[in-house]
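What you see is a predicted model; the values in this text were computed from it and never measured. In what follows, chains carry the letters A, B, and so on, assigned in the order in which the sequence lines appear, proteins first and then strands, with residues in each chain numbered from 1.
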Amino acid sequence: MEDSVEEKITEKWNESGIFEPALSKSSKKFLITVPYPYVNGSLHVGHGKTYTVADIIARSRRITGYNVLYPMAFHQSGTPLVAYSRRLKAGDKAIRKTYYEHISTYINDEKEIERLLKEFEDPENIADFFANRISKDFMRLGYSIDWTRSFASGNMVYQDFVEWQFNKLMEEGLIVQKDYPILYSQEDGNAVGEDDIKDGDTDKVAIDEYTGIIFKGQEFSLIAATLRPETIFGVTNLWISAEANYVIFRYNGKKYAVSSFGFNKLKFQLKEIEKLSETSAEEIIQYEYKSPITGNMLKVYKSDIVDPDIGTGVVFSVPGHAMWDYAASLRHKEIKPVKVIEMPAGSTASVEQLLSEFKIKSAGDRVAIEEATKVLYREEYYSGKMNALNGKFSGMSVRDAREGIISELEKEGDAIKVYETSRKAFTRSEAKVIVAIMSGQWFIDYSSRKWKELGHRAVDSIKFYPDTLKKNMHDTIDWLKERPCARRRGIGTKLPFDPEWTIESLSDSTIYPILYTVINELRAIREITGKVNQDILDFILLDKDLDLLRKYGKKVEDIAIKARANKSYWYPVDLRVTATPHFSNHLAFYIMHHCAIFPEKYWPKSLMILGLVVSSGAKIGKSKGNAVSLYNTAREYSADVYRLAIAAAADPSSELEWAEDELDSFNRKYQSFCALMDSSSAKPEKLKPEDRWITSSFKLRLARFIDLMEKYDIRNAVVSIFYDVLNDVKEAERTGVPQARAVGLIKKQWLIALSCIIPYASEHYWNLSSFKGFSSTAKLERPVISEEDTRVTSWKNEADKLIGDIRAIIAAAQVEPESIEVTVAGVEQAKIAELVIKRKMAEIEPKYRYLIPQIEKSRKFIDLENKDELVALESFKEYISSTIGKPVTINTGDVNPGAKNAWPGRPLINIKGEKKRGFKVQ
RNA sequence: GCGGAGGUUGCCGAGCUAGGUUAAAGGCGACAGACUCAAGAUCUGUUUCUGUAGGGAUCCGCCGGUUCAAAUCCGGCCCUCCGCACCA
């Protein structure tokens, strides 16, 4: 179909407002939502899947009699938009290129693109531009979205609402404040996110928690940061770097020495820490240091395995269980490795074995040592056991021992936590990324017992599609713990009780679907009051007392009452559709926040989780360079074809491989559907007997479609209503009904059903057929299936089975058929067959007993219930012979002594014709 | 490691929660035929092996078990994929 036709239809939908539902007492409501898109770029075909699936469901509910609301908004909260703007401003080439591509999806004019790029230095402009474009794209994809309720998370009214949300959480005691490690850039004086770090998106930087064990010395103590404190019983000595500078500092009234790099980090992690003086490796090695727990006195050696930049520049040495330490100890004969961990029999994970396995000769084989270290750490951690040398930790698993030793060390004041980045990282402006302790970080405390119980209750009551994910959600809720919920930068709402902080982007978008139900009223109130105050929201959303509103005057009161009615009608969300990456975060928060704030009647009803769209095996992502633009795809193939591909390609919950050539085949099917519609006739005035099969079959398909859509089994529903019906129409031709007539017979209901999937074509042919209104809002009637309908369709199945048999014989026997004679079992045969099947051999007349082996052989084909076989096949005689292409005769026969016989459900086929090799057969 | 999903006929992908109706849906590809001057598209059929009458044999990661009967249930093994957080 032409672009302009689709555009015209879109316009008509918009003008008529058919997707902007009002409250209705007569029909059941259905609120369906999808997480709003983050507006930092154009969307790809993967994004479109979620919105398309939701739209198909929305439309199917609408035509089956529900009052449907499918709203949409835009997300702008968080750091990326700000980061992109900043980088554009700084002239970052990579990001410029990305945005150049994003814009050129829509705009060709070079100058205009340049102008926009300049504008994008303000993040709000990026958000506005793409929000605008995305909503246009969505309109052109035929989504039945109510755009009058649209908003963005940066809007003031949204912020009023989020403030309210956080005040509620605070009142419930679900928000706590603590110190917390974050990635930080000293030069920028700022927290850094993934977007700020060089290669941060491809090579993630995590925060590792080291245990900084304190080794007490005479003048000062050393702090050695380690990931493996459980090996403390195997410590033989300490290492420091020969080249690095060391400093002495005071912390908690005591003196310590670490590398100056290390001190630099600790400054951001420890409170009240003060540098006292410089020192040197030489000075440090003059003393011995006492190990906690074991009390051993340890010597310090210089070694080049120490990277002064990692940890504290002081390393404790466990040559029995660490590749680096072992390699370094080779130069010091007096160091004897001590084994403190034993491995299960058969394990090859030991320092010595890995040394030979990885062919490590000296401390110079850095890469091999790194690799071997990974193996050793992993194996020992998961399968190792502490041996008898470990005091009270002997016999424990390595895991338990690590925990026990850490808590013992911390209790005695013999260790501090030291945080380190998981790899060396730099910001895009080349500043070093370190870990700093953010003091007073705000958290949402998901670990609350009571809250989790509510969460579990909600999960129990929610219907999950697919069902298997329900268990996952229970697990996810158990696993949730405290989560930082505010940051120092980014777009978003200020924390109402601490405005230095901006609410983080996943925490501000949990219960927002309720806003869709009242957004316009809230805006109207805001016009009057200047802000939507907390008590107004209490009244509207939590059904609090009307007295709260007296002070705002009658007008506000009236609007609020209306808003509350809207909310009570539409909420809760009946179905939320989202992609699987949202599962353990957004969806879990969505459930939890509803539980915390709303009474049970407003908790979510059901969730649908979709698999990602992948392209050439990889997850589609802007950074991967395999993003297929949603806009371009829809323009190139038409919105309908895109929708058809999404609906029919695979089960929504599984991953969908995006293949261009398959899109072509969807397109061809779609084209042939259009051609069929173009040539179809109007509904005939009078039915003919041969019309019965196509009309009956359609009823069955339609009923199946309705049932499947009810269960959101979109794929099979599409197969039934699109592919199967299409094939039926073609077959109808052979049953004696021309295709044009066949379509005419079923057109109206077919178009209504199809409006879920290919709304443009449906609407177009709806108009051409002069039906009234829109196919999108017409009512689909559940067909009444009569006995006649099931009978005539099962007759056709019998005919098809017969055709298959005839073909098999022709192929096996290598015959060139002239005509086919089909003989259906008569009364006599039916009686004999029944006796055999029912094991009443004695009752069979002796003269027919010779038939028993013959019947036994065809036993599995015999159908005693099949009483009207002759009528069935007779009525499809034309169909059979036109399909085979040869004349077919059908009659009933008596027992044929001494030859093969027909049995009920197993007619006898006799093919007359010539052997392909020239023999004449009878 | 923890938690989850899965390994099906050339490929993709149903079926496997209720075992037989499954040589195993559907799509893609391949092959043959029809149409066409021809190609493409479309339509028809075939697509594990085998058989001169609708039949037979083998088959659903590997091994074993339950059963009259298993792709489907049970046990073990091998392999693949996803999530593990502050990132929207």
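For B:U66, there is no paired nucleotide, since no Watson-Crick or G-U wobble pair has both relevant distances below 3.5 Å. Judged by Watson-Crick or G-U wobble contacts below 3.5 Å, the nucleotide B:U80 has B:A5 as its partner. Nucleotide B:G33 is matched to B:C43 when pairs are restricted to Watson-Crick or G-U wobble geometry with both distances under 3.5 angstrom. Across all strands shown, B:G27 is found opposite B:C11 as a Watson-Crick or G-U wobble partner, with both distances under 3.5 Å. Of all nucleotides present, only B:U50 satisfies the Watson-Crick or G-U wobble test against B:G55, with each distance under 3.5 Å. Pairing of B:C16, defined by two Watson-Crick or G-U wobble distances under 3.5 Å, is not identified with any nucleotide.
Listed candidates were B:G4, B:A53, B:A88. Nearest to the side chain of A:Asp475 is B:G4. For A:His75, whose side chain is taken as the heavy atoms from C-beta onward, the closest listed nucleotide among B:A88, B:G4, B:G54 is B:A88. Closest to the side chain of A:Lys481, out of B:A85, B:A41, B:G4, is B:A85. Of the candidates B:G54, B:A85, B:C43, the closest approach to any side-chain atom of A:Lys730 belongs to B:C43. Distance from the side chain of A:Tyr180 is smallest for B:C86 among the nucleotides B:A25, B:C84, B:C86. In the set B:C87, B:A53, B:G13, B:G13 carries the atom at the smallest distance from any side-chain atom of A:Arg715.
If you take CG of A:Leu183 and P of B:C87, they are 7 Å apart, rounded to a whole angstrom. When the P atom of B:C43 is taken as reference, atom CG of A:Asp728 falls 15 Å away, rounded to whole Å. What separates CG of A:Leu480 from P of B:C86 is a distance of 14 Å, to the nearest Å. Rounded to whole Å, the distance from CG on A:Asp724 to P on B:G27 is 10 Å. The distance from atom CH2 of A:Trp479 to atom P of B:A85 is 7 Å, rounded to the nearest whole Å. Following rounding to the nearest Å, A:Asp208 (CG) and B:C84 (P) show an atom-to-atom distance of 16 Å. Regarding A:Asp805, its CG atom lies at a distance of 10 Å from the P atom of B:G54, rounded to whole Å. Residue A:Tyr38 contributes atom OH, which lies 17 Å from atom P of B:C86 at whole-angstrom precision.
Cation-pi contact between A:Arg488 and A:Trp501: present, with separation from the ring centre below 6.0 Å and deviation from the ring axis of at most 45°. Cation-pi check for A:Arg483 over A:Phe443 is not met; the charged atom does not lie both under 6.0 angstrom from the ring centroid and within 45 degrees of its normal.
Look at the P atom in both B:U58 and B:U8: the space between them is 22 Å, to the nearest Å. For the C1' atom pair drawn from B:U36 and B:A41, the interatomic distance equals 11 Å after rounding to whole Å. For the P atoms, the distance linking B:G76 with B:U22 amounts to 32 Å, nearest Å. Annotation: B:U42 and B:A57 have their P atoms spaced 39 Å apart (nearest Å). Comparing the C1' positions of B:A23 and B:A14 gives a spacing of 15 Å, expressed to the nearest Å. With both ends at atom P, the span from B:G6 to B:C43 equals 35 Å, rounded to whole Å. Between B:C63 and B:C78, the distance separating the two C1' atoms is 10 Å to the nearest Å. Across the P atoms, B:C73 and B:G15 are found 13 Å apart, a figure rounded to whole Å.
Residue A:Lys669 is the one, among A:Ile909 and A:Lys669, whose nearest nucleotide of RNA chain B lies closer to the 5' end (criterion: closest heavy atom). Across the interface with RNA chain B, nearest-nucleotide mapping of A:Asn585 and A:Asn472 shows A:Asn472 to be the residue nearer the 5′ end.
A donor-acceptor pair is defined here as one N or O able to donate and one able to accept, closer than 3.5 Å; such a pair exists between the side chain of A:Ser672 and the backbone of A:Lys669. Side-chain atoms of A:Trp451 never come within 3.5 Å of backbone atoms of A:Leu174 as a donor-acceptor pair (strictly under, hydrogens ignored).
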Checklist entry - Given the rule in the side-chain contact (heavy atoms from CB on, under 4.5 Å) test, do A:Phe166 and A:Thr493 qualify, once you have shown the distances and angles that lead to the verdict? => result CA-CA 10 Å; A:Phe166 271 74; A:Thr493 307; over 6 Å; no

Checklist entry - Would A:Tyr99 and A:His102 satisfy ring pair (Phe, Tyr, Trp, His ring centres under 6.0 Å), going step by step from the backbone distance to the final call? => result CA-CA 5 Å; A:Tyr99 271 99; A:His102 275 309; 5.4 Å; yes

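Here A:Leu81 lies out of heavy-atom contact (under 4.0 Å) with every strand. Across all strands, A:Ser77 comes closer than 4.0 Å only to sugar-phosphate atoms, never to a base (heavy-atom distances). Across all strands, A:Pro907 comes closer than 4.0 Å to base atoms (heavy-atom distances).
Between A:Arg487 and B:A88 there is a side-chain polar atom (N or O) within less than 4.0 angstrom of OP1 or OP2. OP1 or OP2 of B:G54 has not a single side-chain nitrogen or oxygen of A:Arg807 nearer than 4.0 Å. A:Ser584 has no side-chain polar atom (N or O) that falls below the 4.0 Å cut-off from OP1 or OP2 of B:G83.
The 12-atom threshold is not exceeded at NZ of A:Lys481, counting heavy atoms of other residues, nucleotides or ligands nearer than 6.0 Å.
Checked for salt-bridge contact, A:Lys886 and A:Glu818 miss the test: no charged N lies under 4.0 Å from a carboxylate O.
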